[in-house]
Amino acid sequence: MEYNHRDIESRWQQQWKKDNTYKTEIDNSRKKYYVLDMFPYPSGAGLHVGHPLGYIASDIYSRFKRLQGFNVLHPMGYDAYGLPAEQYAIQTGQHPEKTTNDNIKRYKEQLEKIGFCYDWSRELRTCDPGYYKWTQWAFERMFESYYDTKLNKAMPIKSLIEHFEKEGSKGVNAASGRELTFTADEWKQMSEKEQSDVLMNYRLAYLGNTMVNWCPALGTVLANDEVSEGVSLRGGYPVEQKLMYQWCLRVSAYAQRLLDGLETIDWTPSLKETQRNWIGRSEGAEMKFKVDGNDDVVMEIFTTRADTVMGVTFMVLAPESKYVDQLTTPEQRAEVDEYINSIKHKTERERMIEKKVTGVFTGSYAINPLTGKKIPVWVSDYVLAGYGTGAIMAVPAHDSRDYAFAKKFNLEIIPLIEGADVSEESFDAKSGIMMNSNGGELNLNGLEVKDAIKKAKEFVEEKGIGKVKVNYRLRDAIFSRQRYWGEPFPVYYKEGIPHLLSEDKLPLLLPEVDKYLPTETGEPPLGRAKNWVTEEGYPLELCTMPGFAGSSAYYLRYMDPHNSEALVSKEADEYWRNVDLYIGGTEHATGHLIYSRFWNKFLYDLGVVVEEEPFKKLINQGMIQGRSNFVYRIKDTNTFVTLGKKDEYDVTPIHVDVNIVSNDVLDQEAFKKWRPEYATAEFITEDDGRYVCGWAVEKMSKSMFNVVNPDDIIEKYGADTLRLYEMFLGPLEQSKPWDTNGIDGVNRFLRKLWGLYWKGGEWLVDDSEPSKESLKSLHKLIKKVTQDIENFSYNTSVAAFMICVGELASQKCHSRKVLEPLLILLAPFAPHITEQLWHDLGNTTTICDAQWPECNEEYLVEDTKTYPVQVNGKVRYNVVAPASATQAEVQEIALSNEAAAKWLDGKEPRKVIVVPGRIVNIVL
RNA sequence: GCUCCGAUGGUGGAAUGGUAGACACGAGGGACUUAAAAUCCCUUGACCAUUGCGGUUGUGCGGGUUCGAGUCCCGCUCGGAGCACCA
């Protein structure tokens, strides 16, 4: 029997499906292990070879853990809501659900061919009402909660209302949009609408007027992580800032816990760093500045450099700051208004690109609380309204932005650090010795910056000039999208006040609409739905939820996917707990991976889940880039010249379909058939007649003709070869180009493996005792592969298999005692071929129920001997070396390295390991 | 600008501080074959020597620690990623 991947793979895939081989149940007698892939958005283009990389890695780990006796949960599903399906719907009128389902069908077919051990009975889709019911449910729980900053957890909004009724806002410890002060009586006298507005200031899911990223081309709002450099991540359309009344999630309340949680999880340093940057914690002080001749206003500013207060030579307000209006003097009014207007007309992007230093004087002066000095207050757009208090104290000597501003408007610059030259640029570093900082009561001169910051903060707090404050860059997540294809909000409006739909009305189904475009009056697409009202006739919310809503808790749903009573049952949650290993791309670092952690912490506060962090260990697989091929056409002809001769002509490189190129050699006939205009193509080839193409690494995309489809690879080489090859390509976490060139080597390896068991239709395996050599080969492999899988170093594992199979072949090893464990080791990587040979060996159960073999170190021990080494005729050292070495050899080598001999001389006898040529290892 | 990561043959990439370049691709040579494909064997960092063992050099650059450094430390150069008027 010859190795035939087509027969073997389809046979076992069908068998596994029939036998429910990979179905997983709760089993309290076994330890659980949860391996999760980031579920895909099923795009219309289908999978290319880059997509399964992470899935193969997680599949190997799942199978490995299973062989080690763990009860492994390994599910798959689809992130089904998304913009492409909606845009396709707008163009074609086809319902996005239809498009999505078609794409999912295609994805599933492609995935099944690769031979993954998913428990498909747990498959989920975010657009399934049985699923999004729980997305809506979680939103309702957030609406009904506030964040208690003292208890550091989410609490029911009811208890806040009770507090308001008793004591008003006094003594409230709640994360909020702005600080409100009112008495119990005032609360009671508020109208329903007013009370609703007050509560919105505290709810974890709230309606708020916020500056949003509005994308006119897409007709919707985008979250911060969906925007990069002023354009939308999807489509690259310009994005502008707009004030809108939107649903938001108070993610900022969890900033510190999101930061602290990073210490408890096993993620890569770079990913943690990305999240830390995104959360952007900075410790500083909020300080109060009085205004000269205006006792009504006290300016509050935020600074991380309280120590530089003696060097403040001006103040700056953000154009949107509330202080602008209060501090502008009548003489300056016209100028300030003109400036503010000129800013408003520019988009965020324009402001960023221009980077011009602009600003205007308000006419007012603040008073330095320490020196009593009068300092001018300016307005400039380099200060952001959304961070801190929207106002800063400027220290030009030690902040480059303040410095640029001071230079432009000729403002004073006072250096505060000894030896810092500020004549050309500012000195921003937080180090050095302070000077010019004697403010009477507070003298910082002579202190190191760090100590000065500390002392200044203490002083400020003591004197009531300000208070120590921690600020975060992390913003609340904007949760409304003006789109059709997403989860509807379970919210209706009664006299303009939002109310939740009662829980028994969930899920609120997405209505049908005639078109997927906004209405003529500019309302979101749901405005087209007929009867989009409650039973009582109240209008329902017209926005839908963003993409990250459905992906924020999907890992919990897999634990108990068919439960109609709860997101996840207590039993399932307590058994499966959280994801042990999560594999996916880095692109979700500041999106999904923040929102999911937030969502999970919220559910943890509610007592719905037992683990505070959802993903214990996370691996980022690298991106697979495309490897494009080029042919070189001689200008104005239909003649193509090979790579080696192209410099002799005037040529234009043209992308050529990589599927008609093999090892960079063009299939000339296929090229002629590829495009009608090339039918008459002529070639100038290398001297041996081959046409060699050029190549470059680019993004894998249709327009570069470098997309490699896994189906084609599987058809030609089989899924096992594809799996092994993807792992062999290089380290999992590294990005690398796809290059089909090396795949033959892996395929050859599988055929060699087959050759250990079958040759010319004859079964070779017997029950003979294996040789010592063969046992050594096997146990070396067991050790290496076990270690490598734990370290996700799959490329070196594959190499180890190649070496081992080569050794066993040359040893003519046919012993079942070696060849059976070999299959188990390889099973995670190449499940089909190993399953087949496993059954050929006479086993009746599936190979994934086998037991992972243990390494017996005894087989690996090299025979060594201890050699006495003489120095000046006396035995001074005992040297351990291979038994095959001679006494003279060891003696010579040990003393040949003069430095080593000197180092050894005079020391107590100790062991030195020697290999031919040099001292290799000194065992102390 | 700040932070993190990386740099090893023609290529992808191996090396708990201990024989650098595993494994694979590609290339060259050979066997088998009428021929090709497939398969098998040998060579393959560079330079020198080569009818024989061999020698020199070599992990981006410059220092350091060490008997010994691709690996550890300090300072650069280049490349990638994240954040970025965040005070």
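All values reported here derive from a predicted model rather than from experimental measurement. Heavy atoms only: backbone and side chains are in, while hydrogens, waters and symmetry mates are out. So that the names make sense, note that chain A is the first sequence line, chain B the second, and so on, each numbered from 1.
Between Asn795(A) and C23(B), a side-chain N or O to OP1/OP2 separation shorter than 4.0 Å is absent. In terms of phosphate contacts, Thr586(A) brings no side-chain nitrogen or oxygen within less than 4.0 Å of OP1 or OP2 of G82(B). One finds no side-chain N or O of Arg627(A) lying less than 4.0 angstrom from the OP1 or OP2 phosphate oxygen of U11(B).
Note: NZ (Lys783(A)) to C1' (U16(B)) measures 10 Å, nearest angstrom. In this structure, Asp788(A) atom CG and U16(B) atom C1' are separated by 13 Å, rounded to whole Å. Atom NZ of Lys784(A) and atom P of C23(B) are 12 Å apart (whole Å). The distance from atom CD1 of Ile803(A) to atom P of A15(B) is 11 Å, rounded to the nearest whole Å. Straight-line distance from the OH atom of Tyr387(A) to the P atom of A84(B): 12 Å, rounded to whole Å. In this entry the distance linking CG of Leu729(A) with P of G13(B) reads 8 Å, nearest Å. Residue Gln734(A) contributes atom CD, which lies 14 Å from atom C1' of U11(B) at whole-angstrom precision. Distance, Ile453(A) CD1 to A87(B) C1': 12 Å, rounded to whole Å.
Relative to the side chain of Tyr382(A), the nucleotides A22(B), C85(B), C83(B) differ in distance, and C85(B) lies closest. Side chain of Leu384(A), nearest nucleotide from A24(B), A87(B), C25(B): A87(B). Closest to the side chain of Ser282(A), out of A15(B), A87(B), C23(B), is A87(B).
The cationic atom of Arg597(A) (NZ for Lys, CZ for Arg) does not lie both less than 6.0 Å from the six-membered ring centre of Trp278(A) and within 45° of the ring axis.
Ring orientation note: the planes of Tyr725(A) and Phe728(A) are tilted relative to one another, at an angle of 30° to 60°. Between Phe829(A) and Tyr794(A), the two ring planes are perpendicular [angle over 60°; tilted spans 30° to 60°].
Pairs of Watson-Crick or G-U wobble type, with distances under 3.5 Å, assemble into runs of 3 or more in RNA chain B at these ranges: B:1-7 with B:77-83, B:10-12 with B:23-25, B:26-31 with B:39-44, B:45-48 with B:54-57, B:60-64 with B:72-76.
Note on Glu273(A) versus Arg276(A): salt bridge recorded, some NZ/NE/NH1/NH2 to OD/OE distance being below 4.0 Å. For Glu300(A) and Lys322(A), the salt-bridge test fails: no basic side-chain N is under 4.0 Å from an acidic carboxylate O. A salt bridge is absent between Arg751(A) and Glu2(A); no separation between the charged side-chain nitrogens and carboxylate oxygens falls under 4.0 Å.
Between the side chain of Gln275(A) and the main chain of Ala589(A), a donor-acceptor pair closer than 3.5 Å is present.
Ring centers of Phe314(A) and Phe405(A): under 6.0 Å apart, within the cut-off.
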If you apply the rule side-chain hydrogen bond (donor to acceptor under 3.5 Å, both in side chains), what do you find for Thr721(A) with Asn747(A), and how did you get there?
CA-CA 6 Å; Thr721(A) 299; Asn747(A) 188 247; 3.0 Å; yes
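Pro731(A) comes within contact range of the sugar-phosphate backbone alone, with a heavy-atom separation under 4.0 Å but no base atom that close.
Taking atom P on both nucleotides, A24(B) is separated from C40(B) by 11 Å, rounded to a whole Å. The separation of G58(B) from G64(B), taken at their P atoms, amounts to 16 Å, rounded to a whole angstrom. With both ends at atom C1', the span from A69(B) to U11(B) equals 27 Å, rounded to whole Å. Comparing the P positions of C76(B) and A81(B) gives an interatomic distance of 23 Å, to the nearest angstrom. Between G6(B) and U71(B), the distance separating the two P atoms is 13 Å to the nearest Å. Here, G26(B) and U77(B) have their C1' atoms 31 Å apart, quoted to the whole Å. Taking the P atoms as reference points, U33(B) lies 25 Å from C25(B), given to the whole Å. To the nearest whole angstrom, the two P atoms, one in C73(B) and one in G79(B), are 24 Å apart.
Using a 4.5 Å heavy-atom cutoff, the side chains of Phe801(A) and Leu825(A) are in contact. Looking at heavy atoms from C-beta onward, Arg627(A) lies in side-chain contact with Asn741(A) at the 4.5 angstrom threshold.
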Between the protein and nucleotides 1-8 of chain B, which nitrogen or oxygen pairs come in under 3.5 angstrom?
{"residue": "U3(B)", "atom": "O2'", "partner": "Glu273(A)", "partner atom": "OE2", "Å": "2.7"}

Detail all sub-3.5 Å separations between protein N/O atoms and N/O atoms belonging to nucleotides 37-39 of chain B.
{"residue": "U39(B)", "atom": "OP1", "partner": "Arg748(A)", "partner atom": "NE", "Å": "3.4"}
{"residue": "U39(B)", "atom": "OP1", "partner": "Arg751(A)", "partner atom": "NH2", "Å": "2.8"}

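Counting heavy atoms of neighbouring residues, nucleotides and ligands inside a 6.0 Å radius, atom NZ of Lys736(A) exceeds 12 of them.
For G63(B), the base adopts the anti conformation, since its glycosidic angle falls more than 90 degrees from zero.
For the pairing with Met315(A), the side-chain contact (heavy atoms from CB on, under 4.5 Å) check across Val377(A), Val383(A), Thr362(A) returns one residue only, Val377(A).
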